[in-house]
**Q** 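Pasting a structure below so you can have a look.
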Amino acid sequence: MKKLIFALILGVFAVSANAQTTPKKAETAKVITKQTVDIACGECQFKMKGKDCELAVKIDGKSYFVDGKGIDDFGDAHGEHGFCNAVSKAEVTGEIVNNRFKAKEIKLLPVKK
């Protein structure tokens, strides 16, 4: 009987030890330095899922919402040439962390005619 109880306790400890998960490693940030990208409203122009009009950039073909700058920081987003109505070009510096672009600098580039 003692051996059975001991085996049962040992089995419980073995299962609980096996159930432990290793913590996820923090995602490493991808640093972007003075890269020319598309910039616009993520929902209106890049068809991203969100709650409201929000500034986004497209880097290497993938869209990211922007932290650190707002959609109206560059003028009326709903104006004729605003980010909700047109895609612009910008030179950006920052980093991609958790699928968001953390902007350090955004410089809009002039429209080529």
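Excluded from the calculations below are hydrogen atoms, water molecules and symmetry mates; all remaining heavy atoms, backbone and side chain alike, are included.
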**Q** May I ask you to test the Phe46-Asp38 pair for a side-chain heavy-atom distance under 4.5 Å?
**A**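 The answer is yes, as the side chains (C-beta and beyond) meet within the 4.5 Å cut-off.
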**Q** Grab the two heavy atoms, one from Cys84 and one from Cys44, that are nearest each other, plus how far apart they are.
**A**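 Where Cys84 meets Cys44 most closely, the heavy atoms are O-CB, 3.5 Å.
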**Q** Under a 3.5 Å distance rule, please check whether Asp67 uses its side chain to pair with a backbone N or O of Lys102 as donor and acceptor.
**A**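 Not at all, since once roles are kept as given, no pair shorter than 3.5 Å links the two residues.
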**Q** Using a 4.5 Å cut-off on heavy atoms from C-beta on, say whether the side chain of Met48 contacts that of Ser63.
**A**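 The answer is yes; the side chains approach within 4.5 Å.
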**Q** Looking only at non-hydrogen atoms, find the nearest pair between His81 and Ala86 and report the distance.
**A**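 The answer is O-CB, 4.3 Å.
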**Q** Could you report the tightest heavy-atom contact between Ala77 and Asp72, atom names first, then the distance?
**A**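 Looking at all heavy atoms of both residues, the shortest contact is N-OD1, 3.0 Å.
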**Q** State whether the side chain of Glu91 and the backbone N or O of Thr36 hold a donor-acceptor pair below 3.5 Å, judged by distance alone.
**A**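 Side chain of Glu91 to backbone of Thr36, a donor-acceptor pair under 3.5 Å: no, none is there.
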**Q** Start with the C-alpha distance between Asn99 and Lys62, add both sets of side-chain angles, then the distance that settles side-chain contact (heavy atoms from CB on, under 4.5 Å), and finish with yes or no.
**A** CA-CA 10 Å; Asn99 278 333; Lys62 186 172 179 190; 3.1 Å; yes
**Q** With side chains defined as the heavy atoms from C-beta onward, is the minimum distance between Ile32 and Thr93 less than 4.5 Å?
**A**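 Not in contact.
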**Q** Which distance, rounded to the nearest 0.5 Å, do you find between the CD1 of Ile96 and the OH of Tyr64?
**A**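 Going from the CD1 atom of Ile96 to the OH atom of Tyr64 covers 4.0 Å.
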**Q** Do Ile71 and Cys41 touch side chain to side chain, with heavy atoms closer than 4.5 Å?
**A**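 They are in side-chain contact.
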**Q** Could you tell me which residues satisfy ring-ring contact (aromatic ring centres under 6.0 Å, His included) with Phe83, sequence neighbours excluded, listed by chain and number?
**A**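 Here the qualifying residues are Phe74.
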**Q** When you group the ILVMFWY residues by side-chain heavy-atom contacts below 4.5 Å and let the links chain together, are Phe65 and Leu108 in the same group?
**A**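 Result: no, two separate clusters.
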**Q** Do Leu55 and Lys69 come close enough that some side-chain heavy atom pair is under 4.5 Å?
**A**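 Counting from C-beta outward, Leu55 and Lys69 do come under 4.5 Å.
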**Q** My understanding is that only residues two or more places apart in sequence, or in another chain, count here; which of them pass salt bridge (charged side-chain N to carboxylate O under 4.0 Å, His left out) with Glu54?
**A**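 With sequence neighbours excluded, Glu54 shows a salt bridge (charged side-chain N to carboxylate O under 4.0 Å, His left out) to Arg100, given in chain and number order.
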**Q** Which heavy atom in Ala29 sits nearest to a heavy atom in Glu95, and how many Å separate them?
**A**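 So the two residues come closest at CB-OE1, 3.8 Å.
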**Q** Within this structure, what is the CG-NE2 distance for the pair Asn85 and His78, rounded to the nearest 0.5 Å?
**A**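 Here the rounded value is 7.0 Å.
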**Q** Under a 4.5 Å cut-off applied to non-hydrogen side-chain atoms, are Val111 and Lys89 in contact?
**A**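 They are not in contact (no side-chain heavy atoms under 4.5 Å apart), so the answer is no.
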**Q** Between Lys30 and Asp60, does at least one N-O distance fall below 4.0 Å, as a salt bridge requires?
**A**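 So Lys30 pairs with Asp60 through a salt bridge.
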**Q** What's the separation between atom NZ in Lys34 and atom NZ in Lys107, rounded to the nearest 0.5 Å?
**A**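 Output value for this atom pair is 7.5 Å.
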**Q** Establish whether Ile106 and Leu109 are linked, either directly or via other cluster members, by ILVMFWY side-chain heavy-atom contacts under 4.5 Å.
**A**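 Cluster IDs for Ile106 and Leu109 differ.
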